[in-house]
There are 2 protein chains.
Amino acid sequence: MLIHSTRPKHAFQPTALRKFSIVPNETTDADVEIDSLDGLMHLVGAVASYPSRTEIVHEDEAGDRLYKVVSGTVCTYKILSDGRRQIGSFYLPGDVFGLEFLEGHNLAAETITNVKVLVMKKSALAALVKKSSAAASELFQLTARELTRAQNRVLLLSSKSAQERVVGFLFEMSKRSSGTGNRLELPMSRQDIADYLGLTIETVSRTLWALEHSGAIEISSRRRITFRDLSRLMRLQQ
Amino acid sequence: MLIHSTRPKHAFQPTALRKFSIVPNETTDADVEIDSLDGLMHLVGAVASYPSRTEIVHEDEAGDRLYKVVSGTVCTYKILSDGRRQIGSFYLPGDVFGLEFLEGHNLAAETITNVKVLVMKKSALAALVKKSSAAASELFQLTARELTRAQNRVLLLSSKSAQERVVGFLFEMSKRSSGTGNRLELPMSRQDIADYLGLTIETVSRTLWALEHSGAIEISSRRRITFRDLSRLMRLQQ
DNA sequence: CGTAACATTGAGGTCGGTCAACCCGCGTGG
DNA sequence: CCACGCGGGTTGACCGACCTCAATGTTACG
């Protein structure tokens, strides 16, 4: 028997750390746009690949690196003292994470799927940013947007029912993932969703079922959801 | 009879907007430190005074202003469609708010006590920041710190019991307010605390009573709390 | 002193957590 | 081919923490 039985059922199960490769960044050529933040990131960053369910950043790492998701999905999380896992945020392709990492206490970061990220030292980026005020302002904008998202998250979490949270989550994901109409492909498991919303896996499951039963959504497969009745969903979201 | 009875008891009661004054900033003299962010803020900002319970920023304002609290306490909030009020954050002297405001949809900001704030246009600040990379990096640090706080807030809110939330709140306030040992002066009402933690006022009240009864804290007066048993409190917080 | 806003206390209902069983798809191996 | 285990997901029964509604206490301030 494993730790499995000694923890609450929804506790995070650590996954074996697998090997990963950092390959020289193929896009670091002479023709990068050094006046855009993205260009700078490609200039000073290296691409790293991680398989699914691998830890990218450890909880007490220095926090001096910045990451840009190239492909796949990443989440940041923290393990609470009682074994529960709280997910800080999900990061989809194009998103940057690591901005909120300070020295000392951190969130950890883990891959949800196979992932390619662009890694760079904050100091290296900072040095370059100093020379380009356009890039500096872009970096600031990026952080401000991340802050807005965190604030919205706070609003979503506090004082919302399970249904409101789940619907809010669906909308957030729909908005963020390269929105192809009203079909939504979720990269994360029910457990991930639960840990993100501060609910249990059972409640997420029941809530989704209720939404489907009411005709608001259709659960085509476990990871695929179609919006059926937008206005009803809007109403449920507050 | 007022709207009072038609709303949930914990709903936000709008307060009459009172007059306020923007006075020329007395500190805008020749000797400001233009290479520090704070110096720049004083350079381009004006001091405004607001009485208690006044709206500073309306929910659908442009969001092009930045505010630094000089004295008093401010909160940002949102009124949900069912009348509940959700507080985004509290801001104490020295704190800066408005960073997360984007055009379009915003949080509103309201004073909790009498307040003096330093107001400035983001654009004006941005122009000055361009010339001082030290100030630019300070501004970035400031935003990053705010982001970290929002993330911690997310952790506090999701999947925590009422007791954990209240204790976490007490610790947060204790850390942030010019910490004089283990005595804590709360500027906000129970209702504000409840709206911040996503609880009801009754639950906050009962939880505080339970904490006092267990000997962890002492409620000297409504707004004054003394920590009696730090280690017990730490244990309750997760 | 009187009033209104704020806060506490009590009784009862409800939503979501807990625990447990079950389902389903998938890979493995006999 | 089926048996089996395994992980993720769903479903059901029960229970407790927190919300709701209502009454009562207390503080602040004219």
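As the structure is a computational prediction, the values presented were derived from the model and not from experiment. A, B, ... follow the sequence lines: proteins, then strands. Residue 1 opens every chain.
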With a 4.5 Å cut-off on side-chain heavy atoms, are A/His58 and A/Asn106 touching? no
Please tell me if B/Thr203 has a side-chain N or O lying less than 4.0 Å from either OP1 or OP2 of D/dC18. no
Rounding to an integer number of Å, can you tell me how far B/Arg84 CZ sits from D/dT20 C1'? 14 Å
When all nucleic acid strands are considered with a 4.0 Å heavy-atom cut-off, which category describes A/Ser161: base, sugar-phosphate, or nothing? sugar-phosphate
Base D/dC21 to side chain B/Glu202, donor-acceptor N/O within 3.5 Å cut-off: yes
Nearest-nucleotide 5' precedence on DNA chain D, A/Ser189 against B/Arg222: A/Ser189
Under 4.0 Å between any heavy atoms, over every strand shown, what does B/Arg190 touch: base, sugar-phosphate, or nothing? Just pick one. sugar-phosphate
Check whether any side-chain N or O of A/Thr113 sits under 3.5 Å from a backbone N or O of A/Thr73 as a donor-acceptor pair, and report yes or no. yes
When the ring planes of A/Tyr67 and A/Phe97 are compared, do they come out parallel, tilted or perpendicular, using 30° and 60° as the limits? parallel
Please report, rounded to the nearest Å, how far the P atom of D/dT26 is from the CD1 atom of B/Ile201. 16 Å
B/Ile219 has an atom CD1; how far is it from atom P of D/dT26, in whole Å? 14 Å
Hey, which sits more toward the 5' end of DNA chain C by its nearest nucleotide, B/Arg206 or A/Gln163? B/Arg206
Report the distance from atom CG of B/Leu197 to atom P of D/dC19, rounded to the nearest whole Å. 10 Å
Find the distance B/Leu186:CG to C/dA7:P and express it as a whole number of Å. 10 Å
Using only side-chain N and O atoms of B/Ser205, determine if any of them is under 4.0 Å from OP1 or OP2 of C/dA7. no
With no hydrogens and no angle check, do the side chains of A/Tyr196 and A/Arg153 hold a donor and an acceptor under 3.5 Å apart? yes
Aromatic ring pairing A/Phe171/A/Phe227, orientation class (parallel under 30°, perpendicular over 60°, tilted between): parallel
What's the CG-C1' distance between B/Leu208 and C/dT9, to the nearest Å? 14 Å
Both A/Ala162 and B/Met188 contact DNA chain C. Taking the nearest nucleotide for each, which residue is further toward the 5' end? B/Met188
Whole Å only: how far is the NE2 atom of A/His213 from the C1' atom of D/dT11? 14 Å
In whole Å, what is the span from the CD atom of B/Gln191 to the P atom of D/dT20? 11 Å
